2 protein chains.
Amino acid sequence: MKETADLDTVLGKAVTILRAFRSEDRVVSLAELVRRTGLHKATVHRLSGDLVANRLLDRADGGYRLSGGLFELGMLASLERSLLEVAMPFLQDLYERTHETVHLGVREGHDVVYVAKIGGHRQAKAPSRTGGRMPLHCTAIGKALLAYADADLRREVLTGPLERRTPHTVVAPGILRRQLQHVTETGVAFEQEESAVGLVCVAAPVLGGGDEPLAAISVAGPRHRFRPEGHVTAVRATAAALGSTLSRRDLLR
Amino acid sequence: MKETADLDTVLGKAVTILRAFRSEDRVVSLAELVRRTGLHKATVHRLSGDLVANRLLDRADGGYRLSGGLFELGMLASLERSLLEVAMPFLQDLYERTHETVHLGVREGHDVVYVAKIGGHRQAKAPSRTGGRMPLHCTAIGKALLAYADADLRREVLTGPLERRTPHTVVAPGILRRQLQHVTETGVAFEQEESAVGLVCVAAPVLGGGDEPLAAISVAGPRHRFRPEGHVTAVRATAAALGSTLSRRDLLR
DNA sequence: CGCAGCGTATCGCTGAACGAGACGAAGTGC
DNA sequence: GCACTTCGTCTCGTTCAGCGATACGCTGCG
């Protein structure tokens, strides 16, 4: 699972610079980019200038920041977009029924990528972000995806290292395997503070008839007042409705 | 208003290729990319390969398609993101009150860029897309932004060419100017099928105390059943609440 | 003052990127 | 079947864009 792009090509370096930005920082200085990327100072300087010229980066006070042009480009990505457009009404309904934080995620490698996150004023402070990633094994969405995924993938994840995110993260392959089996039996997956302390979650896979689930939907809330069991029906119904809508269209990847 | 990026640099060419994708197409063939970009066939071929290696593009059956990696990158763009995160709950509330299509947009040049679009099963088929653009003069959001914008910008737009999108698009500067004045008097802007036939819309600016509005919010619906006047209060209240929340934090650009 | 860290600018060297062109495969019309 | 087009892929010699070492001016700090 190599993270780094090809640094021998201009394009690889440019992408490396872009990916050096993290969600938490507003602006990043040139020096910081040099540190994070390991590229030569002059190179970062020059490429950043090019990136600004191409509207992928903006100059800001203390350095650079990802530009709105990048946002526009990202929203053109077709798979995520068509999935999102079809799913949005269903997610809205689910939100109205629960008034809790609703997620839509797809699998990419051993991670879940969140395609949408909607919530009201009362939403739980979850580490998830639209466009963000989380390991499969420590989120409800991830477990829902994994339970219905290809057996090879499941084995890969179970035998690979299971990163501990909180004291409650399940890092024992045996326990996780049993949980996944339970998911296929009940159709829903749970998470009990496994990705973030205080956060509990229930998810259901969006099945489209193909080998792998198309996505998964979850409802999350703070542990002290949120009972995931109470939303099993809603989540499962929403996921099923979305799944049949999607497979009626030919959005099967 | 030059559209084309710098074609003398690898980066410019790469971005040109990425921007050659439109929202409507799922996959684009190499030949089509060559046609749209005007680049040499070998160049597009080579660069596309590099873009795939850097996870900005995916190979698909008939050619290429924008990759999920680009989506992830785009969602990192900070201004849009922080605005979006704060605004989401307000948009949710507005949706629940109206159950019509809700938009959030910011100004970029002479266009509005939609940062969010939420709607249920009954939503009007609007040409807007999250991450998409529309001219300022023919949308409710655009008029709301324009009416409260800098006088120079307003003059620029009014004296520049006003593209006709539908038979109802206001292309007479005089009429548009009067409409904008009315917007500042009432605090809301309307659109009557000016960007798409059958679509009507009401919008309010999100003011943060600075010179320019931070964004604008709109509610849209199909003309035959949707009365924008009925949602004036809701839109205005939502925009005001969002504005004061935003200015309480230091998200002023 | 001296030093450190920053952004920016200069400048030869070199290999990455260039585009013309060749090639085979697949489709189309006759 | 054949001629012709269109497509994706690959090769190859040329060259200029990108490279990084280095230098410079600025700012803040002890």
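Here the structure is a predicted model, which is why all the values come from computation and not from measurement. Each chain gets a letter, A, B and so on, in the order its sequence line appears, and its residues count up from 1. Side-chain atoms are counted along with the backbone in the values below, which use heavy atoms only and exclude waters and symmetry mates.
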[X] side chain N/O closer than 4.0 Å to the phosphate oxygens (OP1, OP2) of [N]?
X: B:H45; N: D:dT9; value: yes
X: B:R46; N: D:dC12; value: no
X: A:T9; N: C:dA17; value: yes
X: A:T43; N: D:dG20; value: yes
X: B:K41; N: C:dA20; value: no
X: A:R35; N: C:dC6; value: yes

**Asked** Do the side chain of A:T166 and the main chain of A:E193 share a donor and acceptor less than 3.5 angstrom apart?
**Response** yes
**Prompt:** Where does the angle between the aromatic ring planes of A:F90 and B:H121 fall among parallel (under 30°), tilted (30 to 60°) and perpendicular (over 60°)?
**Reply:** perpendicular
Between [N] atom [atom2] and [X] atom [atom1], what is the distance in whole Å?
X: A:H40; N: D:dA23; atom1: NE2; atom2: P; value: 12 Å
X: A:E32; N: C:dG5; atom1: CD; atom2: C1'; value: 13 Å
X: B:D50; N: C:dC18; atom1: CG; atom2: C1'; value: 13 Å

**Item:** Nearest atoms (heavy-atom pairs only) where A:F71 meets B:M75
**Value:** CE1-SD, 4.0 Å
